[in-house]
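For reference, the structure discussed in these notes is given below.
Protein chains get the first letters and strands the later ones, always in sequence-line order, with residue 1 at the start of each. For the numbers below, each heavy atom of this structure counts, side chains included, while hydrogens, waters and symmetry mates do not.
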2 protein chains.
Amino acid sequence: MPINPIEWENNRIKIIDQTQLPHKLKFLYLDSIEKVKDAICKMKVRGAPALGVAAAFGVVVGVQDSTSRDFNQFKREVEGVCRFLRSSRPTAVNLSWALDRMYRVVVNNAEFSLDKIKQKLAEEALCIMEEDRQCNRAIGEKGASLINDGDTVLTHCNAGVLATAGYGTALSIIYQAKNEGKKVKVYVDETRPLLQGSRLTCWELLREAIEVTLICDSVAGELMREGKINKVVVGADRVVANGDAANKIGTYSLSVLAKENKVAFYVACPLSTIDLSIASGDEIPIEIRSDEEVTTFCGRRCAPEGVDVYNPAFDITPSRYISAIITERGICRAPYEESLRIIFGG
Amino acid sequence: MPINPIEWENNRIKIIDQTQLPHKLKFLYLDSIEKVKDAICKMKVRGAPALGVAAAFGVVVGVQDSTSRDFNQFKREVEGVCRFLRSSRPTAVNLSWALDRMYRVVVNNAEFSLDKIKQKLAEEALCIMEEDRQCNRAIGEKGASLINDGDTVLTHCNAGVLATAGYGTALSIIYQAKNEGKKVKVYVDETRPLLQGSRLTCWELLREAIEVTLICDSVAGELMREGKINKVVVGADRVVANGDAANKIGTYSLSVLAKENKVAFYVACPLSTIDLSIASGDEIPIEIRSDEEVTTFCGRRCAPEGVDVYNPAFDITPSRYISAIITERGICRAPYEESLRIIFGG
């Protein structure tokens, strides 16, 4: 892949400011937890796996100028950093998952000097980033087996390079299928309100010379009815023990339309997105975002003043609508309680 | 209703320029068929019943300065005007329906002077407008019987006052239910790409003091899954003999989501929108509109250059997803071949 959406450079997190795409390829350098949180909240960096990587480096940034004098003080400092970053976005579990993993580095290395622990934290964050890239490639390889030459695939939001440390989840499958010589056409939902589909997914698919057609979100169902879509492939922000999946608002609707029209519906995500601590999708916290995302566009008002808005960022797709969940370790199918437990080695 | 979306004033068609809403309530005066066609193509006036009324007055405007010397010349002139206006938008049948009705006025009055025929044409257009208002009120009265106190109703696009000569079709039902003292809450899909839901429906519902919440199109399914919507009520651009309905893109998806979640799905339209000459929805011509509606917003590009776009303005809802079709003469239910024939007195 020719572009790294997130990197660690001179003790700063280097990210692409995704709010500027597709107009400008602008990089941001984050050197404080305030900047990291702001970038996450404003969706300058987004996508469940990328949020995990950003949060991990956020901890490194947060403690690199630590003035703690002893381990207990340092541990409390890390706890504070984790609490601060954890509150930025609630739905994608990767953020919490990465913070938990970073915190374990601290508690598991109490015997080392603070400098050594900081070094181990930096190593862990780099490891999380590198693992994400490897996971994404593996997801692509496993998932490409489900794609046939000549398929037309629908995707929603952005589960591509830009949502990860590289390669993508859902789009990794497309990229790999193409590498294997399969001709794949992709329809991309624009994905209101923030247009990650038109702004980000179209941008990266065009860069990779994939045949892409942009549609409004409400067009996908009709295309399925007309038999013009063979498969739906989306990412996820959190998959829980029974296979229910939280993903960008609109995903649930696509899954129902896919089932009604006998179109396969695949969710692609790394194990770091799977949260076995939660039994069903009803328990996943759903982030409600600001009215302005819906009522304005490029600063211009497009709805009457005074109107109420309901703007959930995610919805829940019950697992009965999901044909398969594609992970780096393999493809899970219903019953998901069993297949997900097995893939975790349980 | 405090506002007339279309009027006949000093030999000109007075319309609200709906592209300016909700920012400006600007009126346009159309005194040539070129201006009428432009207003229709650019959706300054839109909505199936309103298109019928605009087309009817378009014929009046088109012949009011006629230089024809005899009946046959005049008839050919009217044919030319009708052909010109008919080509403006293909899906809503009301446009053709109104032009056919105006043309019949000409051929049925060959014995009269041209001035008299012109007068009869103006009377016919006024009659079409007045009939539409009466139909809408009747649709409201019939349809309100399906709405319960405390219902939460979803609507899509704009099938309100602004889509008609007054009162609306789907929204007429909401207005009437409110008049009957029923408390109704309305969710409105913003309706990409042209945002008729946020710009027009929210605007007119707020004016009528209806409790309204704006959502992105992709939110509707999740709300149904969560049990937060009791009924879906939409308009139609063309309903055919088997009950299939063409309506704003996204309607089909809502109908599937409604069925899956056991939510009633109602189509409200006057008989002038029902085209018994066509057997099934597959035969309805679907207008494909410009890429720019999707790739730009308020003149600002929101998708990468070079991306392909597919932008159908309508989709087809097969009648098996429609709980009832509400007309001015009564409520039709499946089997629609029979109930629609009966309502036409056949």
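For the pairing with A/D308, the side-chain contact (heavy atoms from CB on, under 4.5 Å) check across B/L214, B/T213, B/L206 returns one residue only, B/T213.
When each of B/T191, B/V256, B/V188 is checked for heavy-atom pairs under 4.5 Å with chain A, B/V256 comes out on top. Ranked by heavy-atom pairs shorter than 4.5 Å toward chain A, the options B/V294, B/D217, B/L200 are led by B/V294. Contact tally against chain B (heavy-atom pairs below 4.5 Å) for A/P304, A/P193, A/G221, A/G250: the top residue is A/P304. In terms of heavy-atom pairs under 4.5 Å with chain A, the best-connected choice from B/R199, B/H23, B/R301 is B/H23.
A distance of 12.0 Å separates CG of A/L194 from SG of B/C302, quoted to the nearest 0.5 Å. Atom CZ of B/R192 and atom CD of A/E190 lie 4.0 Å apart (nearest 0.5 Å).
For residues 312-322 of chain B, a heavy-atom distance under 4.5 Å to chain A picks out B/P312, B/D315, B/I316, B/P318, B/Y321, given by residue number. Within residues 259-268 of chain B, the residues that have a heavy atom under 4.5 Å from a heavy atom of chain A are B/K259, B/E260, B/N261, listed by number.
Heavy atoms closer than 4.5 Å to chain A are found in both the backbone and the side chain of B/I249. Using a 4.5 Å cut-off between heavy atoms, A/P22 contacts chain B through its side chain alone, with no backbone atom that close. Of the atoms belonging to A/D282, it is side-chain heavy atoms, and not backbone ones, that fall under 4.5 Å from chain B. With a 4.5 Å cut-off on non-hydrogen atoms, A/E226 touches chain B through its side chain but not through its backbone. When heavy atoms are compared at a cutoff of 4.5 Å, B/I215 approaches chain A by way of both its backbone and its side chain. In this structure, chain B has heavy atoms under 4.5 Å from both the backbone and the side chain of A/R225.
Across all non-hydrogen atoms, the minimal contact from B/S218 to A/S253 is O-OG, 4.0 Å.
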Review point. Given A/E222 and B/Y310, is the side-chain contact (heavy atoms from CB on, under 4.5 Å) satisfied, shown in steps?
Key: CA-CA 12 Å; A/E222 177 68 10; B/Y310 178 59; over 6 Å; no

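In this structure, B/F297 and A/L195 have side chains that are not in contact, with every pair of non-hydrogen atoms separated by 4.5 Å or more.
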